[in-house]
Amino acid sequence: MRCCVVGSGAREHALAWGLAKSADVVVTPGNAGMAAHGLTCVDTHPTQIDADLFVIGPELPLTQGLADELRAQGKLVLGPGRDGAQLEASKAFMKQFLHDAGVPTAHFGVFDQPEEALDFLVTMVAPYVIKTDGLAAGKGVLVTSDFAEACADVLDKLSGNAFGDAGTTIVIEEGLDGEECSLLVLCDGVRALPLVPAQDFKRVGDADTGANTGGMGAYAPMTSMSADDVAAVMSSIVAPTLAELARRGIDFRGVLYAGVMMSSQGPTLLEYNVRFGDPETEVLVPLYGDSLAQLLHSVAAGELTSVPATTGQSAVTVVLAAHGYPESPRRGDVISGLGDDGQLAAAHEGVVVFHAGTSRDEQGRFLTHGGRVLAVSAVGETMAQARSRAYAACEQITFDGRVLRRDIARAAS
Ligand code: AMP
Ligand code: GLY
């Protein structure tokens with residue numbers, strides 16, 4: 001089988017690496033780290049590539065209809081069309097969809113006028129949650145107990161200052177409390193089956209402090225989610241979603257990523273993404289061994305019957321981000337500790353380094369080239385072993401201004 005992965009981040013590096021265990025892989029456009037790791041990267045539009053399976057990583061090409069274009073050419077694609085991608089492209093659309101479907105979610109209002117938004121905000125109790133409607137790379141959400149900060153954020157987002165066009169409509173919603181879980185559910189248009197639950201660390205600082213980011217690390221499986229908890233998410237959240245998709249005539253073939261809060265009232269949906277999570281993918285792919293290509297092919301073909309068991313190991317990913325991330329990441333810092341293949345200079349058992357934002361200079365040195373720079377993943381027989389392997393590897397990789405969290409998977413180890 002020949003697979004084409006679309007995208008250029010650590011998630012796509014992990015997908016390409018996992019698919020390459022049992023298939024030929026081409027990545028478009030890929031990045032310097034993937035090429036160094038022996039993956040074929042081409043700068044060709046996906047519609048010009050010949051492959052048996054297309055796996056679209058990021059949300060943007062999905063919302064722009066790339067899956068529709070490829071399917072119109074008769075290609076097999078993992079990723080929803082423009083219609084299904086609306087679930088991620090607009091939080092206002094998603095909230096209305098959840099309401100119609102009867103999926104439990106936070107009480108909310110949608111606004112594009114400051115007076116109405118502020119009138120609604122005063123009726124809410126802390127913590128206040130203000131979300132940019134459109135795509136904002138995970139950074140468009142403010143959760144704060146400071147009313148003045150919430151008001152300022154409402155005005156900032158509605159003015160378009162904060163996120164340009166993505167921010168001129170906002171969702172204000174009830175703050176929820178509980179443990180967060182990323183449940184990535186494979187949907188083949190009819191059937192839906194979950195991968196093992198993962199947990200992502202969204203805030204930039206230890207102990208969940210500082211700004212929201214695209215994700216600073218992850219671990220899986222999330223053992224505090226029991227099989228009953230996963231079954232409850234599937235029946236109370238995913239099943240009504242599938243019914244609503246069918247009612248609207250949306251053939252969703254891809255990953256329905258449920259961001260769930262396990263609140264005291266039961267599982268509550270915070271958001272849907274319509275793609276693999278980043279960095280969740282960097283912990284999930286290593287757990288599924290060489291079964292990925294066949295599994296994703298079955299999803300795209302509408303023939304999903306089962307998800308293979310994991311290797312039984314645990315996985316931890318620690319993200320190394322650039323100086324200034326998430327507000328204003330700096331590019332061009334020289335990274336040391338990576339070998340010529342972009343992996344660790346010295347072997348570390350169970351570790352793989354997925355490149356998110358790196359480039360190479362004329363001397364072949366790796367440079368920072370994005371907000372999230374590297375995702376250092378490790379598997380182990382226990383979570384503690386995976387965690388200590390991942391952090392030991394991180395110690396070997398240095399660059400000026402490196403930002404990382406020290407508490408990824410600490411509580412779970
Ligand atoms: P989202 O992009 O909607 O998943 O939001 C990003 C992050 O903000 C989530 O992972 C949560 O940590 C937090 N968040 C979002 N919505 C809420 C909410 N209603 N209550 C509390 N925290 C939230
Ligand atoms: N890890 C959060 C996301 O992929 O959106």
Side-chain angles (χ1 to χ4, degrees), residues 7 9-12 14-15 57-60 62-63 85 87-95 98 103-109 124-145 150 153 157 163 166-167 170-184 195 197-205 207-220 222 254-265 267-284 317 319 321 326 354 356 371-372 375 405 408:
R11 164 185 49 211
E12 290 76 28
L15 287 167
E59 57 276 20
L60 193 59
L62 291 166
T63 62
L87 278 176
E88 179 165 356
S90 164
K91 288 192 191 288
F93 173 92
M94 174 192 69
K95 293 295 276 192
L98 299 179
V103 170
T105 187
H107 173 60
F108 71 103
M124 307 295 277
V125 293
Y128 308 100
V129 182
I130 324 289
K131 299 186 174 186
T132 300
D133 178 55
L135 298 178
K139 298 165 211 157
V141 177
L142 176 74
V143 182
T144 180
S145 293
D153 191 61
K157 283 178 175 152
F163 293 100
I170 59 170
V171 171
I172 299 178
E173 68 180 36
E174 171 195 4
L176 298 170
D177 212 11
E179 187 92 5
E180 266 185 79
C181 168
S182 302
L183 193 68
L184 275 61
L195 300 177
Q199 191 164 51
D200 175 21
F201 292 73
K202 293 226 165 70
R203 301 280 191 136
V204 71
D208 294 331
T209 54
N212 262 319
T213 70
M216 294 300 292
Y219 69 89
M222 185 179 165
V255 179
L256 189 62
Y257 162 146
V260 178
M261 187 75 93
M262 300 304 287
S263 78
S264 50
Q265 286 108 60
T268 309
L269 192 80
L270 292 180
E271 65 161 347
Y272 271 134
N273 295 316
V274 298
R275 49 162 176 86
F276 277 102
D278 191 354
E280 289 90 338
T281 305
E282 293 93 297
V283 284
L284 290 168
T317 293
V319 168
F354 298 121
R372 291 187 288 182
R405 277 183 66 159
I408 306 300

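First listed ligand is number 1; within each ligand, the first listed atom is number 1.
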With Glu88 via salt bridge (Lys or Arg N to Asp or Glu O under 4.0 Å) - residues at least two apart: Arg275
Main-chain N/O of Leu269 paired with Thr105 side-chain donor or acceptor, under 3.5 Å: yes
Atoms in ligand 2 flagged as close to Asp200, the criterion being non-hydrogen separation under 4.0 Å: 1 (N), 2 (C)
Close-contact set for ligand 1 against Asn212 heavy atoms, below 4.0 Å: 8 (O)
Shortest heavy-atom approach to atom 11 (C) of ligand 1 - which of Glu88, Lys202, Glu271, Glu180: Glu180
Closest to atom 18 (C) of ligand 1 among Met94, Lys131, Arg203, Glu173 (heavy-atom distance): Glu173
Numbered atoms of ligand 2 (with element) below 4.0 Å of Gly277, judged on heavy atoms: 4 (O)
Contacting atoms of ligand 1, where contact means under 4.0 angstrom from a heavy atom of Gly175: 20 (N)
By salt bridge (Lys or Arg N to Asp or Glu O under 4.0 Å) - contacts of Asp208 (at least two apart): Arg405
Proximity flag Ala218 to ligand 2, non-hydrogen atoms under 4.0 Å: no
Nitrogen or oxygen of Leu176 less than 3.5 angstrom from that of ligand 1: yes
N/O separation below 3.5 Å, Lys202 to ligand 2: no
Presence of salt bridge, Glu173 and Lys91, under 4.0 angstrom: no
Exercise: identify the closest heavy-atom pair between Pro58 and Arg11: CA-NH2, 3.3 Å
Side chains of Phe276 and Leu184 in contact at under 4.5 Å (non-hydrogen atoms): yes
Main-chain N/O of Val171 paired with Lys95 side-chain donor or acceptor, under 3.5 Å: no
Best match, Gln199, Glu271, Arg275: closest heavy atom to atom 3 (C) of ligand 2: Arg275
Side chain to side chain, Arg372 and Asp278, heavy atoms closer than 4.5 Å: yes
Shortest non-hydrogen separation from Ala150 to Leu142 and the atoms involved: CA-CD2, 4.4 Å
For Tyr257, the ligand 2 atoms whose distance to one of its heavy atoms is below 4.0 Å: 1 (N), 2 (C), 3 (C), 4 (O)
Part of Phe276 with heavy atoms under 4.0 Å of ligand 2, whether side chain, backbone, both or neither: neither
Beyond-backbone contact of Pro279 with Asp200, side-chain heavy atoms, under 4.5 angstrom: yes
Heteroatom proximity flag, Glu280 to ligand 2, N/O under 3.5 Å: yes
Per-atom contacts of ligand 1 with Val129, taking only distances under 4.0 Å to non-hydrogen atoms: 16 (N), 17 (C), 18 (C), 19 (N), 20 (N)
Per-atom contacts of ligand 2 with Gly214, taking only distances under 4.0 Å to non-hydrogen atoms: 1 (N), 2 (C)
